[in-house]
Amino acid sequence: MDWASLTAFVAVAEHGGFSAAAGQLHLTQPAISKRIALLEASLDARLFDRLGRQVLLTEAGRLLLPRAKQMLAEAEAARRAIDDLDQDIGGRLSLATSHHIGLHRLPPLLRRFSALHPRVALDLGFMDSEQAYARVLHGSAELALTTLGPTQAPLRSTPIWNDPLHVVVAPDHPLATRAKVGLADLAAHPAVLPDAVTFTHRIVADAFARRGLSLQLRMTTNYLETIKMLAAVGLAWTVLPRTMVDAQVRVLPVTGVKLSRQLGCTVHGGRTLSRAAQAFIELLKADAG
């Protein structure tokens with residue numbers, strides 16, 4: 001069965017003839033007859049008895065008519081629902097985000113997105129960047145907002161924010177009053193950094209390794225707020241994004257290196273994004289910088 005044949009069948013049944021159905025559907029009478037013949041062939045049943053100019057439903061036709069009307073109504077409802085997608089965005093958006101982005105970048109974006117698309121139900125999870133990548137890879141999150149590392153298919157990443165990293169210490173740290181600080185100076189003092197598996201740790205460790213230097217790690221933790229506290233009380237030096245630098249710590253003038261990371265969104269290349277996800281990505285791109 002196809003929609004065109006069902007439509008013709010209902011029109012003939014409701015208008016009592018092929019000519020009237022053809023006029024109602026703006027088709028020729030032979031076109032209506034062909035569609036009915038195709039439907040009868042597919043069902044292997046006669047649907048109309050033709051008694052001169054009179055057209056009557058057979059028993060099979062009477063059985064089919066209410067069901068055909070229901071199927072056509074469902075098809076029209078589905079068409080309207082798909083058309084409505086262009087007018088209104090709803091549904092569920094599963095979003096995985098790192099703690100830093102969730103606290104320092106996301107709040108104004110979530111406020112704007114919710115105002116623009118109030119029918120979207122946000123499912124928001126806070127986790128390490130590496131865990132967020134895994135969520136997208138395995139399909140439990142549609143979109144991840146993280147520090148971007150090397151991305152392999154099927155994942156696709158889009159940079160949104162450039163995030164400079166500053167080396168910071170407590171105001172009373174031995175390096176705090178130095179006019180210039182090199183990586184060798186930092187290597188002589190203990191550091192506190194995110195875990196070794198994180199992208200941020202690799203950025204710092206690679207900068208030292210390129211100069212043949214080793215990090216002297218006092219401890220690692222993935223929570224930047226905790227790292228900032230440990231540096232602010234003088235236990236170690238660390239690196240912090242610009243958004244977290246304040247009077248509690250002092251930025252060191254490190255020469256010969258600029259540390260930076262990219263923050264952005266990651267999606268699964270084999271997944272068709274919902275309109276909610278597409279709208280959120282467009283909002284991210286407008287905020288890029």
Side-chain angles (χ1 to χ4, degrees), residues 92-114 120-151 155 157-170 191-206 215 217-233 235-249 251 259-268 276-277 280-281 283-285 287-289:
R92 175 176 170 270
L93 175 58
S94 177
L95 179 64
T97 181
S98 69
H99 295 86
H100 173 70
I101 293 176
L103 291 173
H104 297 278
R105 300 277 187 174
L106 208 50
L109 288 169
L110 289 178
R111 190 177 298 112
R112 280 154 53 197
F113 184 79
S114 296
V120 175
L122 281 169
D123 179 6
L124 189 60
F126 292 86
M127 62 201 69
D128 295 340
S129 293
E130 293 72 24
Q131 292 176 309
Y133 267 52
R135 287 280 188 94
V136 172
L137 183 63
H138 298 132
S140 56
E142 192 170 8
L143 179 67
L145 286 175
T146 65
T147 301
L148 298 183
T151 304
L155 296 182
S157 293
T158 302
I160 301 296
W161 304 285
N162 182 49
D163 200 35
L165 297 172
H166 296 285
V167 179
V168 301
V169 293
V192 57
L193 293 172
D195 289 338
V197 296
T198 63
F199 302 134
T200 302
H201 185 109
R202 293 176 204 169
I203 290 169
V204 179
D206 288 348
L215 287 167
L217 286 173
R218 170 154 283 175
M219 66 175 293
T220 62
T221 175
N222 283 356
Y223 295 98
L224 290 181
E225 284 72 18
T226 302
I227 288 175
K228 178 183 177 182
M229 180 274 293
L230 293 171
V233 299
L235 293 184
W237 64 265
T238 192
V239 295
L240 291 177
R242 180 183 298 161
T243 51
M244 295 185 67
V245 173
D246 57 23
Q248 297 179 63
V249 293
V251 175
L259 300 176
S260 177
R261 61 184 186 174
Q262 290 288 320
L263 310 179
C265 62
T266 299
V267 299
H268 196 296
F280 195 88
I281 291 173
L283 194 63
L284 286 172
K285 290 178 178 178
D287 192 63

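The figures here come from the full heavy-atom set of this structure, side chains too, leaving out hydrogens, waters and symmetry mates.
With rounding to the nearest 0.5 angstrom, the CG atom of Leu263 is 11.5 Å from the CG atom of Leu106. Between atom CD1 of residue Ile101 and atom CG of residue Leu145 there is a gap of 5.5 Å, rounded to the nearest 0.5 Å. Between atom CZ of residue Arg105 and atom OG1 of residue Thr243 there is a gap of 5.5 Å, rounded to the nearest 0.5 Å. The line from CD of Glu130 to OG1 of Thr146 is 8.0 Å long, rounded to the nearest 0.5 Å.
Residues passing the ring-ring contact (aromatic ring centres under 6.0 Å, His included) test with Phe126, sequence neighbours excluded: none. Leu217 meets the side chain to side chain contact (heavy atoms under 4.5 Å, CB included) test with Ala191, Leu193, His201, Leu215, Thr220; sequence neighbours excluded. For Ser129, the side-chain hydrogen bond (donor to acceptor under 3.5 Å, both in side chains) test picks out no residue, with sequence neighbours left out. In terms of the side-chain hydrogen bond (donor to acceptor under 3.5 Å, both in side chains) criterion, residue partners of Asp128 (sequence neighbours excluded) are, by chain and number, Asn222. Among residues two or more places apart in sequence or in another chain, the side-chain hydrogen bond (donor to acceptor under 3.5 Å, both in side chains) test is passed with Ser98 by none. Remark: Asp246 pairs with Lys228 by the salt bridge (Lys or Arg N to Asp or Glu O under 4.0 Å) rule, at least two apart or across chains. Partners of Asp123 under the side chain to side chain contact (heavy atoms under 4.5 Å, CB included) rule, at least two apart in sequence or in another chain, are Arg92, Ser94. When the salt bridge (Lys or Arg N to Asp or Glu O under 4.0 Å) test is applied to Arg112, the partners found at least two apart in sequence or on another chain are Asp287. With sequence neighbours excluded, the residues forming a side chain to side chain contact (heavy atoms under 4.5 Å, CB included) with Gln262 are Leu148, Pro159, Asn162, listed by chain and number. With sequence neighbours left out, the salt bridge (Lys or Arg N to Asp or Glu O under 4.0 Å) criterion links Arg202 to no other residue. In this structure Ser140 satisfies the side-chain hydrogen bond (donor to acceptor under 3.5 Å, both in side chains) test with no other residue, sequence neighbours excluded.
Nearest heavy-atom pair, Leu143 versus Val136, reported as atom, atom and distance to 0.1 Å: C-CG2, 3.9 Å. Between Asp163 and Pro241, the shortest heavy-atom distance links the atoms OD2-CB, 3.4 Å. Taking every heavy atom of both residues into account, Ala96 and Ala132 meet most closely at CB-CB, 3.8 Å. The minimum heavy-atom distance between Pro107 and Gly102, with the atom names listed, is CD-O, 3.3 Å. Of all the heavy atoms in Asp195 and Thr221, the pair that sits closest is OD1-N, 3.8 Å. In plain terms, the two heavy atoms of Leu93 and Ala276 that are nearest each other are CD2-O, 4.1 Å.
Residues Phe280 and Val120 have side chains not in contact (no heavy-atom distance under 4.5 Å, counting atoms from C-beta outward). In this structure, Phe199 and Arg261 have side chains that are not in contact, with every pair of non-hydrogen atoms separated by 4.5 Å or more. The side-chain heavy atoms of Met244 and Glu225, taken from C-beta on, include a pair separated by under 4.5 Å. Side-chain contact check for Met219 versus Val192: some heavy-atom pair is nearer than 4.5 Å. Counting heavy atoms from C-beta outward, Leu137 and Leu155 have side chains that approach closer than 4.5 Å. Considering only heavy atoms from C-beta on, Thr238 stays 4.5 Å or farther from Leu230 through its side chain. The closest side-chain heavy-atom distance from Leu224 to His99 is not below 4.5 Å. Residues Leu124 and Leu95 meet the side-chain proximity criterion, which asks for heavy atoms closer than 4.5 Å.
The salt bridge (charged side-chain N to carboxylate O under 4.0 Å, His left out) pairs that include a residue from residues 135-150 number zero, where partners must be two or more places apart or lie in different chains.
His104 contributes no side-chain N or O that, together with a main-chain N or O of His100, makes up a donor-acceptor pair within less than 3.5 Å.
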Exercise for review: Please report the C-alpha distance between Val245 and Val251 in whole Å, then the side-chain angles of each, then the deciding distance to 0.1 Å, and finally whether the side-chain contact (heavy atoms from CB on, under 4.5 Å) criterion is met.
Suggested key: CA-CA 8 Å; Val245 173; Val251 175; 3.6 Å; yes
